[in-house]
A.B. asks: 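The structure follows.
All chains are named by letter (A, B, ...) in the order of the sequence lines, taking the proteins before the strands, and each is independently numbered beginning at 1.
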Amino acid sequence: ETILTNAFRSMLARAAQASELEAACYLFAPAKDAQSGGHRMRPDWAEGGRPLSISRGSISSALLEATGASRAEMNRMYNQLHEIGEVALALRERGGRQRLLRLPAPLTAGSVHRTLLGLADLSGSGVEKTKTQRLLGLLRAAEGSELKWLVRTFLPHMAAGISLEASVLPALGAAWVIQAAQTSSVQVRATADEIREAQDVVRTGYALRPDVRALVDALLEGGLARVRTACTLHAGVPMQPMLAKPCTSTEELLKRLIGAFPSSDNGVVRISAEFKYDGQRAQIHRSAAGEIRVYSRKLDDMTSKYPDVVAAVRRCARSQQAFVLDAEIVAVVSRSTGDAALGEAARPGGVEIAAFQTLSTRKRKHVTEVNAASAAVAVKLFLFDLLLRGDEVLLQWPLVQRRAAMREEFAAEADVLDFAEAIDLDATAIVSAAHGATDMPSASASAPSASAAAVLDEALQRSVAGSCEGLMVKRLDGPYEPSTKRSDSWLKLKKDYVESMGDSLDLVPIGGWRGSGRKSRWISPWLMATFDPEEGTFGSVCRVMSGFSDKFYKENTIRYLGSELSALGKASDAAATEAATEAEQEAEEDAEEVGDAASDGEGGSDLDVCGAGGESDDVGSQGGGGKSALRLHRAAPGVDTGDKPQFWFQPSEVWEIRGADITISPKHMAAKGLVDPQKGLSLRFPRFMKKREDKRLQDATTPQQLAAMFLKQTQQR
DNA sequence: ACTGTCTGCCCC
DNA sequence: ATTCTGC
DNA sequence: GCAGAATGGGCAGACAGT
């Protein structure tokens, strides 16, 4: 953070232009997140805004050409240095600088930014070649250690994630106050409070108006005061949506909502339990000019995917004012068709909420208002918040008032648009004065009410019966807090969080992969299966990586593979072996060979020759020392899966796995033939709960049981 | 033209 | 999405 | 209490290879 702040300070001191500051912001934080990689070079919601992705291939090709090195040389360097930026420098040293006819112009943040922006716009065939050429241009122009940083910037995943909103922009804010204080005649140093305040202003401004250029412009023109006024919610510019925190019981939920912030109503806390529809979040804007746009939770522009939503909102708006809505789009199927198929008496039509999986089959491109109803999946919109009306920003209004304004401003339309179902209640117990609660004043007034918990429980049941995931429970007196952080005044209570609800399966680990990063010494994820004792078959259901403690990983990796995986297993060849000897590792051959197989992403072509065959079926061995008793050369007999794990295991025990829903899967083959002739069943959001030491293979969930659970779930809808 | 594989600030 | 760990 | 990591299912699209 200090480094970033100092970098911005020096730019500000030299009166850098807005375009340079903007470029620097993006270049300091090239990766959106560790999940997807990809480079962000402009706001996603902007016209043509799309992330830039540069393949490893393009980077290394450009690097080879720029340095004149051979591929073998590069690999050798990589094995020594383990970091591609350093490799780039070393290769340039070694190869000597290539002589160019014309010296390229020195790089600036702005010029690099512009080039990368250009790359993001490429498409069609031959893009990789063009990308390589343009990267080459940048690499040739790089001086000194610029080369190292340039190469690192190209990578989709930098070793350390630096986030634009969490690190870079706050640093810019800090730099601004520090410089301002220094140049003012009165004050020399900015206080810690001033710095914190500045960071906050910038963070908030960006959450409300995620536009780096607008932020930089405001800062340069009028400092933090200008950021406050200019970087606020605008119709047509999506803001960070407000997020909710998960909560696992109604009692806990009440406590947390009451504690979120003090009540302004004599200790009484009113809350609203809204249905949590299982669809896609949508932030819908209508500008003053009347243009309607739909944005995703990640601020992507989805307008072209949902022309029918746009039309519905236009029809249902009671006025011509600008607005910003928060809503959920869900898939629906017409009710009459379903009933007709069952030969029931025709009902007056209407629609039913369909599963999320149905929504996801909707076309993403070329959806028109005309084909939306026939060619694409039909959808219904559930509104739950209004953040802007006319030129009034409603973010600070309490939810009750925002909701009232929303209901004034829009009219529901059958099958197409409605308000999210909501049940309002007091979270606090009403401790009447008659009971003489005078000696315990505020504490008693703020106690969670037992009847409130009961109301919530019932609402939860109803929401599930109504094809919802559960509840969103909100403080009725709370503001809307656009943020990358989750707020305490919105909590989500999903059926699968609650002990007694949701699907819990008893599955058998049949395979696994080597983990990466902090899990690189362990098996992660694990491949889980049902067991059919009649047929002796195992059908894969899901991979699991969530819910395991480090201790569990360690113990069970040893149990299944005989030892932990070598930490050095990542490097590919001789270099790894050399290094291994010097290390503390008593690198068993087993682990070493495992490392090789995992070497470059896919690997796995060379077949396992593992030391321990699948000889022992005895589950008894608590595998502390010896060879792995549980690893197999190939899938155990009877295994059916579309997945291909790096390691296969002898099925031998039962683990409890929880999930939210059961889905029809193209990859997992459990219960194949029972619901669909080709496809099996899988689990959405799978996570490990605990080992079932009390259960044997024969007690694992069977394909028949799984199919029955699936059918019950679909009937509920 | 067809199929297979991989990617996505994907959506959850 | 979910979950765990380290700060 | 929060940020950061490491990954889940599954879809339409895009691109590569035949």
A.B. asks: Need one value for A:Gly659: base, sugar-phosphate or nothing, where a base atom within 4.0 Å counts as base even if backbone is also close, heavy atoms only.
C.D. replies: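 Since no nucleic acid heavy atom lies under 4.0 Å of A:Gly659, the category is nothing.
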A.B. asks: Using atom names, set out every protein N or O paired with an N or O of nucleotides 3-7 of chain C below 3.5 Å, distance rounded to 0.1 Å.
C.D. replies:
unit_1	atom_1	unit_2	atom_2	d
C:dT3	OP1	A:Arg687	NE	2.9
C:dT3	O4'	A:Ser546	OG	2.8
C:dT5	OP1	A:Asp550	N	3.1

A.B. asks: Rounded to whole Å, please give me the gap between CZ in A:Arg297 and C1' in B:dC12.
C.D. replies: 9 Å
A.B. asks: OP1 or OP2 of D:dA6 versus the side-chain N and O atoms of A:Ser516: is any pair under 4.0 Å?
C.D. replies: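 A:Ser516 to D:dA6 OP1/OP2: no side-chain N or O under 4.0 Å.
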A.B. asks: Going by the rule ring-ring contact (aromatic ring centres under 6.0 Å, His included), which residues pair with A:His285 if we only count those two or more places apart in sequence or in a different chain?
C.D. replies: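 Partners of A:His285 under the ring-ring contact (aromatic ring centres under 6.0 Å, His included) test: A:Tyr295.
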A.B. asks: Can you tell me if A:Glu252 uses its side chain to pair, donor with acceptor, with the backbone of A:Cys247 under 3.5 Å?
C.D. replies: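 No: the side chain of A:Glu252 does not pair with the backbone of A:Cys247.
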A.B. asks: Quickly work out the A:Met669 CE to D:dG9 C1' distance and round it to whole Å.
C.D. replies: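 My rounded result for the distance is 14 Å.
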A.B. asks: Kindly write out the residues that satisfy ring-ring contact (aromatic ring centres under 6.0 Å, His included) with A:Phe275, not counting sequence neighbours, or none if the list is empty.
C.D. replies: none
A.B. asks: Distance check, P atoms only: B:dC11 and D:dA5, in whole angstrom units.
C.D. replies: 23 Å
A.B. asks: Answer yes when A:Asp496 and A:Arg658 have at least one side-chain N-carboxylate O distance shorter than 4.0 Å, and no when they do not.
C.D. replies: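 Here A:Asp496 does not pair with A:Arg658 in a salt bridge, since their nearest N and O are not under 4.0 Å apart.
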A.B. asks: Distance from A:Ser549 atom OG to A:Glu555 atom CD, nearest 0.5 Å?
C.D. replies: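 Rounded to the nearest 0.5 Å, the OG-CD separation comes to 7.5 Å.
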A.B. asks: Without swapping roles, check the side chain of A:Gln283 against the backbone of A:Met239 for a donor-acceptor pair under 3.5 Å.
C.D. replies: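 Here the side-chain-to-backbone pair exists.
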A.B. asks: Could you check how far CD of A:Gln713 sits from C1' of D:dG9, rounded to whole Å?
C.D. replies: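 In whole Å, D:dG9 C1' and A:Gln713 CD are 13 Å from each other.
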A.B. asks: Between D:dT7 atom P and A:Trp522 atom CH2, what is the distance in whole Å?
C.D. replies: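 Distance check: A:Trp522 CH2 to D:dT7 P gives 11 Å.
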A.B. asks: Find the distance A:Lys298:NZ to B:dC12:P and express it as a whole number of Å.
C.D. replies: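 Those two atoms, NZ and P, are 8 Å apart.
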A.B. asks: Mapping A:Glu328 and A:Pro210 to their closest nucleotides on DNA chain B, which lands nearer the 5' end?
C.D. replies: A:Pro210
A.B. asks: Relative to the 5' end of DNA chain B, which residue comes earlier, A:Phe356 or A:Leu299, by the nucleotide with the nearest heavy atom?
C.D. replies: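 Per heavy-atom nearest nucleotide, the more 5' residue is A:Leu299.
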A.B. asks: When you compare B:dC12 with D:dA6, how far apart are their P atoms, in angstrom units rounded to a whole number?
C.D. replies: 23 Å
A.B. asks: Quickly work out the A:Asp300 CG to B:dC10 P distance and round it to whole Å.
C.D. replies: 7 Å
A.B. asks: With sugar-phosphate meaning primed atoms plus P, OP1 and OP2, does A:Lys276 contact a base, only sugar-phosphate, or nothing at under 4.0 Å between heavy atoms?
C.D. replies: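 A:Lys276: no heavy atom of the nucleic acid under 4.0 Å.
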A.B. asks: Does the side chain of A:Ser540 reach to within under 4.5 Å of the side chain of A:His668, using non-hydrogen atoms?
C.D. replies: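 Yes, side chains in contact.
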A.B. asks: What is the separation between atom CH2 on A:Trp526 and atom P on D:dT7, rounded to the nearest whole Å?
C.D. replies: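 Whole-Å distance recorded here is 13 Å.
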A.B. asks: When you measure from the side chain of A:Asn371 to the backbone of A:His366, do you find a donor-acceptor pair of N or O atoms at a distance under 3.5 Å?
C.D. replies: yes
A.B. asks: Checking base pairs now: Watson-Crick or wobble, both atom distances under 3.5 Å. What partners D:dC2?
C.D. replies: C:dG6
A.B. asks: Which ranges of DNA chain B pair up as stems, where a stem means three or more consecutive Watson-Crick or G-U pairs with both distances under 3.5 Å?
C.D. replies: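 Output for stems: B:1-8 with D:11-18, B:10-12 with D:8-10.
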A.B. asks: Could you give the distance separating C:dT3 and B:dC6 at their P atoms, to the nearest angstrom?
C.D. replies: 30 Å
A.B. asks: Could you state the atom-to-atom distance from CD of A:Gln280 to C1' of B:dG8 in whole Å?
C.D. replies: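 That distance rounds to 13 Å.
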A.B. asks: Across the strands shown, which category fits A:Lys245 at heavy-atom distances under 4.0 angstrom: base, sugar-phosphate, nothing?
C.D. replies: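 Contact class for A:Lys245: sugar-phosphate only.
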A.B. asks: Are any non-hydrogen side-chain atoms of A:Thr663 and A:Phe356 less than 4.5 angstrom apart?
C.D. replies: no
A.B. asks: Salt bridge between A:Arg475 and A:Asp488, side-chain N to carboxylate O under 4.0 Å?
C.D. replies: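 Salt bridge between A:Arg475 and A:Asp488, a charged N being under 4.0 Å from a carboxylate O: no.
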A.B. asks: Within the side chain of A:Arg362, is there an N or O that forms a donor-acceptor pair under 3.5 Å with the backbone of A:Lys305?
C.D. replies: yes
A.B. asks: Among all residues two or more places apart in sequence or in another chain, which pass the ring-ring contact (aromatic ring centres under 6.0 Å, His included) test with A:Phe552?
C.D. replies: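 Scan of A:Phe552 (ring-ring contact (aromatic ring centres under 6.0 Å, His included), adjacent residues dropped) gives A:Phe548, A:Trp655, A:Phe688.
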A.B. asks: May I ask you to decide whether A:Asp661 forms a salt bridge with A:Lys495, counting only side-chain N to carboxylate O separations under 4.0 Å?
C.D. replies: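 Salt bridge flag = yes for A:Lys495 with A:Asp661.
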A.B. asks: Provide a list of protein-nucleic acid N or O atom pairs under 3.5 angstrom, restricted to nucleotides 10-12 of chain D.
C.D. replies:
unit_1	atom_1	unit_2	atom_2	d
D:dG10	OP1	A:Thr663	OG1	2.6
D:dG10	OP1	A:Ile664	O	3.2
D:dG10	OP2	A:Ser665	OG	2.6
D:dC11	OP1	A:Gln357	NE2	2.8
D:dC11	O2	A:Arg364	NH2	2.6
D:dA12	N3	A:Arg364	NH1	3.3

